K.L.:
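Can you read through this structure? Questions will come right after.
Letters A, B, ... mirror the listed sequences (proteins, then strands); counts begin at 1. Bear in mind that the values here come from a model prediction, so they are computed numbers and not experimental data.
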Amino acid sequence: MSFIKILNEQEKQEIEKKLNEQFGINHIPGLIIQRGEERLFLFSGSFSEKDIKNLEKCAFIERMGVYFAKIIGNNIRLSIEGSQILKNQITKNIFELDSKQAEEWMMGRELGIKTGRHGFLIMKHGSDFLGTGKASENKIGNFIPKNRRLKEKG
Amino acid sequence: MRYEPKPLFLERMQKLLGKEFQEYLKVLEEPLQNSIRVNTLKISPEELLNRLKSKGWIIEQPFKDYPEIMIIKNDLAPGEIGRSLEHLLGYYYVQEIASMLPVLALKPGPGELVLDIAAAPGSKTTQIAAEMQNKGTIIANDVNLKRLKILASNLERCGATNAIITRRDGIALCKKLKDAGFLFDKILVDAPCSGEGTIRSSAVTLQMWNPNTIKSLSKLQKALLASALEILKPNGEIVYSTCTHAPEENEEVVDFVFKEFGNEVIIEKINLPIKCRLGLTGWDGREYSSEVKKSCRIYPQDNDTEGFFLAKLRKVK
């Protein structure tokens, strides 16, 4: 097998600690599955690790749960789903977008905004959580994947 | 219609529909309604309704008990429903109403273990995850790698965190699962089929239609449903569905497993919020058990949807 690695309790706690430092998140509600070096998936199902190992003997497991975060060096960047699933726990490093900025953001464009902050910010517009951006001196870098972007009007 | 129906197809449909045949042909020429299903894992029907109304969309909720099912009544630009912010954020799934029915019949619940044996592209899997509130486990299987990628993308957009995607031939998977001791509370066998019910959205089906394909699919469907029944828990339920009208792929399959499994399996009555016809008790010289009447035939002209077939079976031993 297996390119699927289920993080143990200690590894999960390390991810939770980083998410707490960055966004105030305390708890990931499920198993964390790591694929490759960076990509983290959240699985909320009732299958135990033993069940998963047994299932792997029956069929090739393509994916478990939902991609919710990516490890970038010492930091973690939440995907759109990560920010939506964990929205009730996110208490810091939130950047509120206005309607125009939210549209630009969802088109995949970087935003020329001086936030006065550096690092990853949760992008939010009204009740919508729109993933994570990376703030630097004069802009917020965009990570919206192509298949989730709004198309230009007209 | 861009493709001419083959004479044998028309003959069979006339035999199935009798005096309603012309009405059926007429509805095939009409475009399908634009229907969506609210992804309740991410947003409530009320909240989405208000958002879509504020965009100028005219929304109808045709079923009081299923507020998540919505029809968009106004004319929108081609592709507009799939390009909206709400769609990109996973707040709804574009899904034909008839295709929502198998999961309404299956009634998966939080905490259950559910197998979706031919899951791609994921319309029904995401609906199952929503019904289960992401609690319990779904094994979402398919054999086609290209279709699995679409399944994975849809499960992600909808935030279906309780699903595991597997890749294996369905019959082989059931055998392996049985050997490993897995038993499921609910199974959806939305079987590969000849697609006669999808002509309104995919007229090319008429060109591809072939009686030999129906025969070979029938054989495959019988093996698939029989394999799935082997891994159902006692008292567990299975929904068998197709998007075709061919009795060989529908009642004949249900009749086959009903007779094959003897008193281990019963066919259950299904309550759906749209007009359903009784299952047939015979076709082309073959007789089916009268119990097969509990199956549902859905014709496009009855509810202004696509055509569908579904049956629900319970394992009693």
K.L.:
Among A:Gly131, A:Pro29, A:Ser127, A:Gly65, who wins on heavy-atom pairs under 4.5 Å with chain B?
P.N.:
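Among A:Gly131, A:Pro29, A:Ser127, A:Gly65, the one with the most close pairs to chain B is A:Gly65.
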
K.L.:
So what's closer than 4.5 Å to chain B heavy atoms on A:Leu150: side chain, backbone, both or neither?
P.N.:
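For A:Leu150, backbone and side chain are both near chain B.
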
K.L.:
Could you check if a side-chain atom of B:Tyr91 sits within less than 4.5 angstrom of a side-chain atom of A:Asp128, using non-hydrogen atoms only?
P.N.:
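Yes; the side chains approach each other to less than 4.5 Å.
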
K.L.:
With a 4.5 angstrom heavy-atom cut-off, which part of B:Ile138 approaches chain A: side chain, backbone, both or neither?
P.N.:
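It is neither, since no heavy atom gets under 4.5 Å.
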
K.L.:
Any idea which of B:Leu173, B:Leu177, B:Leu89, B:Asn134 has the most non-hydrogen atom pairs under 4.5 angstrom with chain A?
P.N.:
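Greatest number of close heavy-atom pairs with chain A: B:Leu89.
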
K.L.:
Does any heavy atom of chain A fall under 4.5 Å from the side chain of B:Ser84, the backbone, both, or neither of them?
P.N.:
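Only the backbone of B:Ser84 comes within 4.5 Å of chain A.
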
K.L.:
Name the member of B:Gly159, B:Ala163, B:Ala180 that forms the most heavy-atom pairs with chain A at distances under 4.5 Å.
P.N.:
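Winner by heavy-atom pair count: B:Ala163.
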
K.L.:
Looking at A:Gln84, A:Met106, A:Lys87, which makes the most heavy-atom pairs under 4.5 Å with chain B?
P.N.:
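The answer is A:Gln84.
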
K.L.:
Heavy-atom distances under 4.5 Å only: say whether A:Leu55 touches chain B with side chain, backbone, both or neither.
P.N.:
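A:Leu55 touches chain B through backbone and side-chain heavy atoms alike.
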
K.L.:
Is B:Leu151 close to chain A through its backbone or its side chain, or both, or neither, when contacts mean heavy atoms under 4.5 Å?
P.N.:
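For B:Leu151, neither part sits under 4.5 Å from chain A.
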
K.L.:
Non-hydrogen atoms of chain A under 4.5 Å away: do they reach the side chain of B:Leu113, the backbone, both or neither?
P.N.:
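Just its side chain gets close to chain A.
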
K.L.:
Looking at B:Gly136, B:Ala160, B:Ala129, which one has more heavy-atom pairs under 4.5 Å with chain A than the rest?
P.N.:
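Of the candidates given, the most pairs with chain A belong to B:Gly136.
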
K.L.:
In Å and rounded to the nearest 0.5 Å, what is the CG to CD distance from B:Leu148 to A:Glu62?
P.N.:
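CD of A:Glu62 is found 5.0 Å from CG of B:Leu148.
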
K.L.:
When you compare the side chain of A:Arg149 with that of B:Leu88, does any pair of heavy atoms fall below 4.5 Å?
P.N.:
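Side-chain contact under 4.5 Å: no.
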
K.L.:
Using 4.0 Å as the upper bound for N to carboxylate O, is an ion pair formed by A:Arg63 and B:Glu156?
P.N.:
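Yes, this pair counts.
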
K.L.:
Does anything in residues 39-49 of chain A get under 4.5 Å of chain B by heavy atoms, and if so which residues?
P.N.:
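Listed by number: A:Leu42, A:Phe43, A:Ser44, A:Gly45, A:Ser46, A:Phe47.
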
K.L.:
Do B:Thr166 and A:Cys58 come within less than 4.5 Å of each other through their side chains, counting heavy atoms only?
P.N.:
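The answer is no; the side chains never approach within 4.5 Å.
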
K.L.:
Checking B:Lys42 against A:Glu81 for the salt bridge (Lys or Arg N to Asp or Glu O under 4.0 Å) test, could you report, in this order, the C-alpha distance in whole Å, the side-chain angles of both residues, the deciding distance, and whether it holds?
P.N.:
CA-CA 10 Å; B:Lys42 289 195 174 184; A:Glu81 273 62 44; 2.6 Å; yes

K.L.:
To the nearest 0.5 Å, what is the distance between CD1 (B:Ile164) and CD1 (A:Ile4)?
P.N.:
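These two atoms lie 8.0 Å from each other.
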
K.L.:
How far does CG of B:Leu85 sit from CE of A:Met107, to the nearest 0.5 angstrom?
P.N.:
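These two atoms lie 10.5 Å from each other.
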
K.L.:
Out of B:Arg168, B:Lys175, B:Arg157, return the one with the most heavy atom pairs under 4.5 angstrom to chain A.
P.N.:
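Most heavy-atom pairs under 4.5 Å with chain A: B:Arg157.
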
K.L.:
What part of A:Lys57 lies closer than 4.5 angstrom to a heavy atom of chain B: side chain, backbone, both or neither?
P.N.:
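Just its backbone gets close to chain B.
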
K.L.:
Out of A:Met64, A:Glu103, A:Arg148, A:Lys151, return the one with the most heavy atom pairs under 4.5 angstrom to chain B.
P.N.:
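The residue among A:Met64, A:Glu103, A:Arg148, A:Lys151 with the greatest pair count is A:Arg148.
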
